[in-house]
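All of these numbers come straight from a predicted model, not from anything done at the bench.
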Amino acid sequence: MTFVRIERGPDGQLRVRDRIERRRCDLFADRPVTPRPVADEHFAAPVDTAVSVDVAELSYPEVVETYVRDETGAVVHGMRHFETHDLPAGEYSVELCSPIKLYLRVEGPLTIDADGNRTSLTFGRDVEVLLGARSYHERPATTITTTTDPHDVMAAVSHLGSALKTTSPERSFPTLRGHPPGIQLGDELSIPDGLDRPDSGVTIEVPPTLDAVYPVTPLAYYLAASVEPGDDPRLVADEFEYALDGPNGFESTVERVLKQVLFLDCVVRTEGYYPVELQERKMVESALPFDLSAVYDRPLAEQLREYLAVPYDTLEPHMPTWKLTSHVEPVAANLETLPFLLDDLSLIRTPDAREVTPAEAQSTAIDSFMRERTTRSFSSPPTPRLVRPEPTDSLEQAWVGPDVPVGASKVTAAAFRNRLRQEPTEGDLSLAVICNDDTMLDEHETASDVYGSRDSLPFDVTVHRDLTTDRLAEVFAADVDFLHYIGHIDDAGFRCPDGHLDATTLDDVGVDAFFLNACTSYQQGMALIDAGAVGGIVTVADVVNTGATAVGRMLTRMLNAGFPLQAALSVASDESLFGAQYLVVGDGNTEIAQSEAGSTSIMYFENRPDGGGDRETYEVSFQFYPNRLYGMGSLGTPVLEGYTDSILAGNETPTYSASGRDIRSLLDISSCPVRVDDEWRWSEELPRDWF
């Protein structure tokens, strides 16, 4: 059964739906079309479904990474923004890296135009075009059972790399890594039949203890390495050995090796199937002591020898900021979470945290503000034990353990299990906005206006006011993709006009994701996760009304633009001092909307006079923020005329000058957060007369 469908849309366009990932892509033809099913064997790449149509032109209403291949599979052109390219008669395959992977096959001359707003393919006359689509959706293919014995755990971890679709440098693309098999505890070790680890020739040796095995798990997965007991941590690849207990310590050394190998894979893979102009290659190639094309074709063991001979400090300034570091308590009960963290290629650390009080969790500025203003608390629930994890340089942090983290998301295995149980969806995404606090009408109005404001991705938004306990319970039980709650929570639960609703009394909830913008909503949010939700944003202490409104407004826009929960909170926390009072519970990669271009980005700029009279230029840069489907190793390209380099997700482009005309054009086609002179704004809200 396929969860991807290609069908005729309401206006005669081609509509592609991924019912599991809740994603949609539309392709517009020069006339209304009716697709005809065809076999997927027409495509060299795997597709979930395929159709044919007779058209003279097709267009996709965004500009995404686009590759054109000839009949041999070789790339003949990689499209850039604001470019038109003509190809002579021939057989072509066009790959569109949209939120659902799209492949087109056509015979004849072809013109591709990427004008900043859309990608158009013109064939000159009516021709048969084959369209294939593949979901980015991944699930564990099977489950490994292990005992708590560290030797059995090593054997289980050694098979996580079976999910890799290749051991070439292209495994640095998230779509070619695959979701690792699940892990569960049992009475004996059981590796499912057919679960074969690629013969990478790589072994990682560590002492047979869980606190040594957990940190090497991401590296073992990425290298398809066997994890074996050994007195001294080391990586062994044929005759090559590399110590993993370097001067920076065991866990730090393991992290550095993974970062370095993935980064150099991304550079070397430009010699393969995707010969893009990569910003990072231009920055480091002259410092590399090896030839990229020669290393691309070598066995993995030889590549590792070449890669790890490069000083880390030479590469570090050009490496992308890692998406996620997870602090995982090394106990057997947490084994179940590892495959899901590895699907995000998270770094794994054993916890090193200190306990903090609720007062310490708040900054001095917040504490001072709260003494002067009325908070939203009535009778707060008992505060759980708070801990502050050791700082990292990752964009996000996660915590897997019994305590409540400050500055990190609270990950639970239940949330991942709930994600796997999600049923395919039909129709538009469903959102519920609930306001049970009349003093928060500004946030209520912002949420009501913003959610569903994108024409290309309609939402079914339902707005509720002053819900009773029974009505609130009904909304929680309904099949809702996202719920935004504005109101009060105290030790009795959600405060309603007729009393309180305690989420711990709910046996099952239909809400997938939520934002509980209320004081001390942590316990109620965790109860929703236990009852079936996948992820949410909650608070760990009292918040001031004005602070909650500021964070709520920013989060609303970030989520609507396609940022996952944790990424949205990380950025929104910079908007207000009160952001530190919020945390994500469950799966921080949960999204409520797809990004228009697939990847998510942030723009930074400040204006300066250029000596040209009244005319101004602007210093502009972009950061591509990795998300679940466009994770570490993904590419992004700014939609700005004259900029042709791709960059790695997590990195920031160089700063360069752009005219006011270029900035206006960019703001008209891109919805993203913008940092203007140390202040967060939103692209569509910036006055165009600034430029």
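Scored by the side-chain hydrogen bond (donor to acceptor under 3.5 Å, both in side chains) test, Glu7 finds no partners at all (sequence neighbours excluded). Legend: residues meeting side-chain hydrogen bond (donor to acceptor under 3.5 Å, both in side chains) with Thr412, ordered by chain and number and at least two apart, are absent. In this structure Asp344 satisfies the side-chain hydrogen bond (donor to acceptor under 3.5 Å, both in side chains) test together with Lys323, Asn589, sequence neighbours excluded. Shown here are the ring pair (Phe, Tyr, Trp, His ring centres under 6.0 Å) partners of His179, two or more places apart in sequence or in another chain: Phe340. Evaluation of the side-chain contact (heavy atoms from CB on, under 4.5 Å) rule for Ala567 yields Glu396, Phe563, Pro564, Tyr625 as partners, not counting sequence neighbours.
If you check the side chains of Asn418 and Arg421, you find a donor sitting under 3.5 Å from an acceptor.
Under the 4.0 Å criterion applied to side-chain N and carboxylate O atoms, Arg628 and Glu591 are not assigned as salt-bridge partners. Between Asp48 and Arg134, no side-chain nitrogen of the basic residue sits less than 4.0 Å from a carboxylate oxygen of the acidic one, so the salt-bridge criterion is not met.
Here the CZ atom belonging to Phe514 is positioned 8.5 Å from the CZ atom belonging to Phe476, to the nearest 0.5 angstrom. Rounded to the nearest 0.5 angstrom, Arg471 CZ and Leu501 CG are separated by 12.5 Å. Here the OG1-CG distance, from Thr600 to Leu629, works out to 10.5 Å after rounding to the nearest 0.5 Å.
At distances below 3.5 Å, at least one donor-acceptor pair connects side-chain atoms of Gln524 with backbone N or O atoms of Ala503.
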Can I get a per-line list of side-chain donor-acceptor pairs under 3.5 Å for residues 397-410, giving both atom names and the distance, sequence neighbours left out?
residue : atom : partner : partner atom : Å
Gln397  : OE1  : His327  : NE2          : 2.5
Asp403  : OD1  : Arg385  : NH1          : 3.3
Asp403  : OD2  : Arg385  : NH1          : 2.5
Ser409  : OG   : Gln397  : O            : 3.3
Lys410  : NZ   : Gly401  : O            : 2.4
Lys410  : NZ   : Pro402  : O            : 3.4
Lys410  : NZ   : Asp403  : O            : 2.8

Test log, rule side-chain contact (heavy atoms from CB on, under 4.5 Å), inputs Leu431 and His484: CA-CA 8 Å; Leu431 276 72; His484 185 145; over 6 Å; no
